[in-house]
J.: 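One structure, pasted below without further comment.
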Protein chains: 2
Amino acid sequence: MKNISSKTISRVLLCVRTLESLMREGKITISSGGLARITGLTDVQIRKDISNFGKVGIPRVGYNIRDLKTVLEEFILRKNVIRVILFGAGNLGKAILKYAGFGKQKLKIVAAFDRDKKKSEKVINGVKVYPFEKALFLIKKSTADIGVIAVPQEASQEVADLIVAAGIKSIVNFAPVSLKVPKEVHVRNIDLTIEFLSAYCDASV
Amino acid sequence: MKNISSKTISRVLLCVRTLESLMREGKITISSGGLARITGLTDVQIRKDISNFGKVGIPRVGYNIRDLKTVLEEFILRKNVIRVILFGAGNLGKAILKYAGFGKQKLKIVAAFDRDKKKSEKVINGVKVYPFEKALFLIKKSTADIGVIAVPQEASQEVADLIVAAGIKSIVNFAPVSLKVPKEVHVRNIDLTIEFLSAYCDASV
DNA sequence: GCAATATCGTGAAATTTGTAACGATTATGC
DNA sequence: GCATAATCGTTACAAATTTCACGATATTGC
Ligand SMILES: NC(=O)c1ccc[n+]([C@@H]2O[C@H](COP(=O)([O-])OP(=O)(O)OC[C@H]3O[C@@H](n4cnc5c(N)ncnc54)[C@H](O)[C@@H]3O)[C@@H](O)[C@H]2O)c1
Ligand SMILES: NC(=O)c1ccc[n+]([C@@H]2O[C@H](COP(=O)([O-])OP(=O)(O)OC[C@H]3O[C@@H](n4cnc5c(N)ncnc54)[C@H](O)[C@@H]3O)[C@@H](O)[C@H]2O)c1
């Protein structure tokens, strides 16, 4: 398969989300132009992204929504359940644990860890919060696909090291710190401060 | 001034965050190579980004941390306080309200709104949560720079329309919905589902 | 059945973004 | 003071990404 760029992946996931929403509305087909109007992407971009995965469209008709969703998901997700492990059950971690929307997609939070005894040993929205000390042992037994870091910045590198040691290859990092990880491990940083400031700057600069 | 791309802005904000951290450590100067090692960017990219804003560096020495930070902030932030208005004081909204880190940067949450009577009329971390009905009136009086949407997806377009009506030009949208806004309004979408899935796909596809 | 038309898929052109190379400049050590 | 070395700023080059243009194809209406 061709190398799919990170930008393409984000756009395709946006399309998948939109296709799901169209399915819920009972729609059967959608054109690249229609998807473009909803998502804010361009029609050509959508067709080109889709063309990475084969020929799914029907000229003069567009795409069958269910088929397109299936094809896109098969190529980029390729698993029915993507297993997430969460570090830090503080303000942000709890919001993530309580969010029902992940399950509707293929994301499943399989465990959470917190160093604070008052927070661990609880169950939030069906997910058990374990004490941090047990993390390495438990993670190694149950392979996870993604590690999410929602701990204070001082602890974030230590947690990243543990995630790497457990053999997990994807990290989502909410701490405002640039993590050091081996190059085969992929980190996606979400620093909300930077996101907010970028939103402001993009509009004003 | 030249047109600064959105990517440059994100990188510069990352550098500013790093410079702050270096200042706290008591460092005085840093080279582009040093910044590159910490941030994961490349030294050339950093020098090129900085060159958008003038000549701040000293050959053979690098950059004075305080000076560089000042120059970068002056050019891209240009305000001492960036005022944020938050919609939705649910799980995510509360996490945002309780986060102390925004204030250390120049972000200030000036008001929050929630439709649920049980949540409004409270004060969280010094920020008052108002009932949603009062939003348009209150926002128009106190101009804000950014509107943050942390309401359920059904309500997100309605809230976006209100933010637009209040004359705010930047939106950060956490709802998994593509908003319709006039083209002069800038939307930054943060769909955590897509972020998590992207992190997984980037590492595996 | 056939012309008309909407839409797909795609190679080529244009634009944007990132990289490499290198002269210019300043501190350091002798 | 002068050679040396580190680092900046910038120009030229390369790679990635987006946009354009258009041929191919399936449906619709007559
Ligand atoms: N809340 C926000 O809106 C927000 C915004 C921007 C950035 N962040 C960043 O996200 C991270 C989490 O923020 P928060 O507001 O949830 O903080 P928080 O203090 O509410 O929660 C952090 C949790 O991590 C736990 N913890 C500490 N060390 C740990 C370890 N080694 N392993 C497991 N758990 C550990 C703490 O006990 C605590 O429960 C921070 O790095 C913060 O800078 C948060
Ligand atoms: N929590 C997460 O980790 C997470 C993850 C991904 C996406 N999201 C998205 O973020 C948004 C918020 O998520 P949440 O978990 O905080 O949901 P939540 O249900 O906990 O909170 C939503 C809040 O918005 C309020 N609200 C409803 N309509 C409103 C209106 N018109 N104006 C003001 N307030 C209104 C509700 O009363 C509620 O308090 C949702 O769109 C969700 O899909 C959240």
Side-chain angles (χ1 to χ4, degrees), chain A residues 1-15 18-19 22 27-72 75 183 198 201-202 205, chain B residues 1-15 18-19 22 27-72 75 183 198 201-202 205:
Chain A
M1 185 163 73
K2 260 172 283 184
N3 237 41
I4 309 295
S5 78
S6 174
K7 290 188 167 191
T8 295
I9 288 175
S10 294
R11 284 193 300 261
V12 168
L13 289 169
L14 176 58
C15 287
T18 308
L19 292 169
L22 290 166
K27 301 266 169 59
I28 303 299
T29 63
I30 182 91
S31 68
S32 58
L35 267 178
R37 268 187 301 280
I38 300 173
T39 58
L41 307 170
T42 72
D43 56 344
V44 189
Q45 209 164 32
I46 288 170
R47 290 202 298 279
K48 197 147 218 189
D49 284 343
I50 293 173
S51 75
N52 283 301
F53 312 112
K55 300 184 182 187
V56 209
I58 306 160
R60 176 65 203 255
V61 176
Y63 301 90
N64 176 290
I65 291 172
R66 183 181 299 271
D67 292 351
L68 180 54
K69 174 166 173 288
T70 305
V71 168
L72 297 179
F75 270 91
K183 60 188 164 317
S198 289
C201 295
D202 285 355
V205 177
Chain B
M1 185 164 73
K2 260 175 281 185
N3 237 42
I4 310 296
S5 79
S6 173
K7 292 189 166 187
T8 295
I9 288 174
S10 294
R11 286 194 300 263
V12 168
L13 289 168
L14 176 59
C15 287
T18 308
L19 292 168
L22 290 166
K27 302 266 169 55
I28 304 299
T29 63
I30 182 88
S31 67
S32 58
L35 267 179
R37 270 185 301 281
I38 300 173
T39 57
L41 306 171
T42 71
D43 57 343
V44 189
Q45 210 163 34
I46 288 171
R47 291 204 297 280
K48 199 157 208 189
D49 284 342
I50 293 173
S51 76
N52 283 302
F53 312 111
K55 302 186 181 184
V56 207
I58 306 158
R60 177 67 205 254
V61 177
Y63 301 91
N64 177 291
I65 291 173
R66 182 181 300 273
D67 291 351
L68 179 55
K69 174 167 173 289
T70 305
V71 168
L72 296 179
F75 271 90
K183 59 187 166 318
S198 290
C201 296
D202 285 356
V205 177

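To find a chain, count down the sequence lines: A is the first, B the second, and so on, and within it residues start at 1. All values reported here derive from a predicted model rather than from experimental measurement.
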J.: Are any of A:Ser32's side-chain N or O atoms less than 4.0 Å away from OP1 or OP2 of C:dT7?
T.: no
J.: How close or far is atom C1' of C:dA20 from atom CD1 of B:Ile46, stated in whole angstroms?
T.: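 After rounding, the reported distance stands at 16 Å.
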J.: According to salt bridge (charged side-chain N to carboxylate O under 4.0 Å, His left out), who are the partners of A:Asp43, at least two apart in sequence or on a separate chain?
T.: A:Arg47
J.: Distances under 3.5 Å only, N/O to N/O: pair up the protein atoms with those of nucleotides 1-3 of chain D.
T.:
none

J.: So which protein N/O to nucleotides 28-30 of chain D N/O distances come out below 3.5 Å?
T.:
none

J.: Of all residues at least two apart in sequence or in a different chain, which pass the salt bridge (charged side-chain N to carboxylate O under 4.0 Å, His left out) check with B:Lys48?
T.: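 With sequence neighbours excluded, B:Lys48 shows a salt bridge (charged side-chain N to carboxylate O under 4.0 Å, His left out) to no residue whatsoever.
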J.: Using a strict heavy-atom distance below 4.0 Å, which residues from residues 61-70 of chain B are in contact with DNA chain C?
T.: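 Here the set is B:Val61.
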J.: Rounded to whole angstrom units, what separation is found between the CD1 atom of A:Ile28 and the C1' atom of D:dT27?
T.: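 Value for this atom pair: 17 Å.
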J.: Give the nucleotide from the list C:dC8, C:dT26, D:dT10 with an atom nearest to the side chain of B:Ser51.
T.: D:dT10
J.: Tell me whether the side-chain N/O atoms of A:Lys55 come closer than 4.0 Å to OP1 or OP2 in D:dA24.
T.: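 No, outside the criterion.
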J.: What string of B, S and - do you get for nucleotides 14-23 of chain D, 5' to 3', when a contact is any protein heavy atom under 4.0 Å?
T.: ---SSBB---
J.: Rounded to whole Å, how long is the line connecting atom CD1 of A:Ile50 with atom P of C:dC8?
T.: 8 Å
